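These notes are about the structure you will find just below.
Counting from 1, the numbers follow the sequence of the chain as shown. On a predicted model such as this, the values are computed, not experimentally measured, just so you know.
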Amino acid sequence: MKKLSLAAMIEASFFAAFAIILDFLPSIKLSPSISISAAMIPIFILAFRWGFKASFIAGLLWGILQIAMGDAWIATPLQAFIEYFVAFAFIGCAGLFYLPIQKQLRNGNKKKAMGWIVLAIFAGSFARYFWHFIAGVIFFGSYAPEGMSPVLFSFLANGATMLGAAILCSIVAVLLISSAPRLALRTTQKRAS
């Protein structure tokens, strides 16, 4: 398995820090348990640039930063592990679409590239919110309204958040990358002889 380059690790750290900064901006609050923001955008851009490993690490770093900065809602150590280590790292699943995104952007096929980008964002969002859904069922089922199952409550809250965040991130990413494709492309540097 190929190691990540120093440039990839530096970018992963930078993009994780940028995500935490975006997370401090006001989000769209539909209810106490449904909040939509574009804070995942830096992790997605990293996924388009470097692929799965770099974006997985950046997502993990972002989750750790959430805890370190006191922005995490922690009920138990296991819940914190699931929601801040595992869930945030799984945003990196968007990086599984790295090759087709790079190929289409390098070939100048912006329309196809944007299709892959939207698909990657939905995959990364689903992967993250799947873990939030699991944690919601296990740890926050008691917050479900009277007569509603914890599974349905977690599905509705996390599903609405996932869908809203994926749509918002898709719009922002398409606008950014279509106007500046170099954000998603990285140049290959030749070594001096």
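- Within the 4.5 Å cutoff, no side-chain heavy atoms of Leu60 are placed close to those of Val86.
- Atoms CH2 and CZ, on Trp62 and Phe88 in that order, are 5.0 Å from each other to the nearest 0.5 Å.
- In this structure, Val174 and Val118 approach most closely via the heavy-atom pair CG2-CG2, 3.8 Å.
- Smallest separation of non-hydrogen atoms from Ile20 and Ala17: CG2-O, 3.0 Å.
- Counting heavy atoms from C-beta on, the side chains of Ile67 and Phe85 come closer than 4.5 Å.
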* **Verdict with reasoning, Lys112 to Asn107, per side-chain contact (heavy atoms from CB on, under 4.5 Å)** => CA-CA 10 Å; Lys112 285 184 180 178; Asn107 291 338; over 6 Å; no
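- The heavy-atom pair separating Ile45 from Leu176 by the smallest distance is CD1-CD1, 4.1 Å.
- Residues Ile167 and Ile43 fall within the same hydrophobic cluster, defined by Ile, Leu, Val, Met, Phe, Trp and Tyr side chains chained together at heavy-atom separations under 4.5 Å.
- By the neighbour-count criterion of 12 heavy atoms within 6.0 Å, atom NZ of Lys110 is densely surrounded, having more than that number from other residues, nucleotides or ligands.
- No continuous path of hydrophobic side-chain contacts links Trp50 to Met9 [ILVMFWY only; heavy atoms under 4.5 Å].
- Contact annotation: the side chain of Ser154 never approaches that of Phe140 to less than 4.5 Å [non-hydrogen atoms, C-beta and beyond].
- Other residues, nucleotides and ligands contribute at most 12 non-hydrogen atoms within 6.0 Å of the CZ atom of Phe155.
- Taken together through direct or relayed side-chain contacts under 4.5 Å among Ile, Leu, Val, Met, Phe, Trp and Tyr, Leu163 and Phe153 form part of one hydrophobic cluster.
- One N or O on the side chain of Arg186 and one on the backbone of Arg49 form a donor-acceptor pair closer than 3.5 Å.
- The nearest pair of heavy atoms linking Pro42 to Ala39 is CD-O, 3.1 Å.
- Here the shortest heavy-atom pairing between Gly124 and Phe44 reads CA-CE2, 4.1 Å.
- Residues Asp23 and Ser37 have side chains in contact (heavy-atom distance under 4.5 Å, counting atoms from C-beta outward).
- The CZ atom of Phe52 sits 9.5 Å away from the CD1 atom of Ile57 when rounded to the nearest 0.5 Å.
- Of the possible donor and acceptor atoms, one in the side chain of Ser55 sits under 3.5 Å from a partner among the backbone N and O of Gly51.
- Going from atom CG of Leu22 over to atom OG of Ser27 covers 12.0 Å, rounded to the nearest 0.5 Å.
- In this structure, Tyr84 and Trp73 have side chains that are in contact, with non-hydrogen atoms separated by less than 4.5 Å.
- Heavy atoms only, all atoms of each residue included: Ala8 and Leu4 are closest at CB-CD2, 4.0 Å.
- The CD atom of Gln66 sits 4.5 Å away from the CG atom of Asp71 when rounded to the nearest 0.5 Å.
- The number of heavy atoms from other shown groups lying within 6.0 Å of CZ (Phe122) is above 12.
- Rounding to the nearest 0.5 angstrom, the gap separating the CZ atom in Phe139 from the OG1 atom in Thr76 is 4.0 Å.
- Placement of Leu119 and Leu99 in two distinct hydrophobic clusters is found when ILVMFWY residues are connected by side-chain heavy-atom separations under 4.5 Å, directly or transitively.
- Formation of a donor-acceptor pair under 3.5 Å by the Glu83 side chain with backbone atoms of Gln79 is not found in this model.
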* Which is it for Ile177 and Ile101 under the side-chain contact (heavy atoms from CB on, under 4.5 Å) test, yes or no, and what are the steps along the way? -> CA-CA 11 Å; Ile177 309 278; Ile101 291 168; over 6 Å; no
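- The shortest side-chain heavy-atom distance between Phe15 and Leu61 does not fall under the 4.5 Å cut-off.
- The hydrophobic clustering, which links ILVMFWY residues whose side-chain heavy atoms are closer than 4.5 Å, places Ile82 and Met40 together.
- Open room surrounds CZ on Phe14; 12 or fewer heavy atoms of other groups in view lie less than 6.0 Å from it.
- How far CD1 of Ile117 is from OG of Ser170: 9.5 Å, rounded to the nearest 0.5 Å.
- Side-chain atoms of Phe90 and Phe56, non-hydrogen and from C-beta on, do get closer than 4.5 Å to each other.
- Ring-plane geometry between Phe133 and Phe130 is classed as tilted, the angle between the planes lying from 30 to 60 degrees on a 0 to 90 degree scale.
- Side-chain contact between Leu46 and Glu11 is present, with heavy atoms from C-beta onward closer than 4.5 Å.
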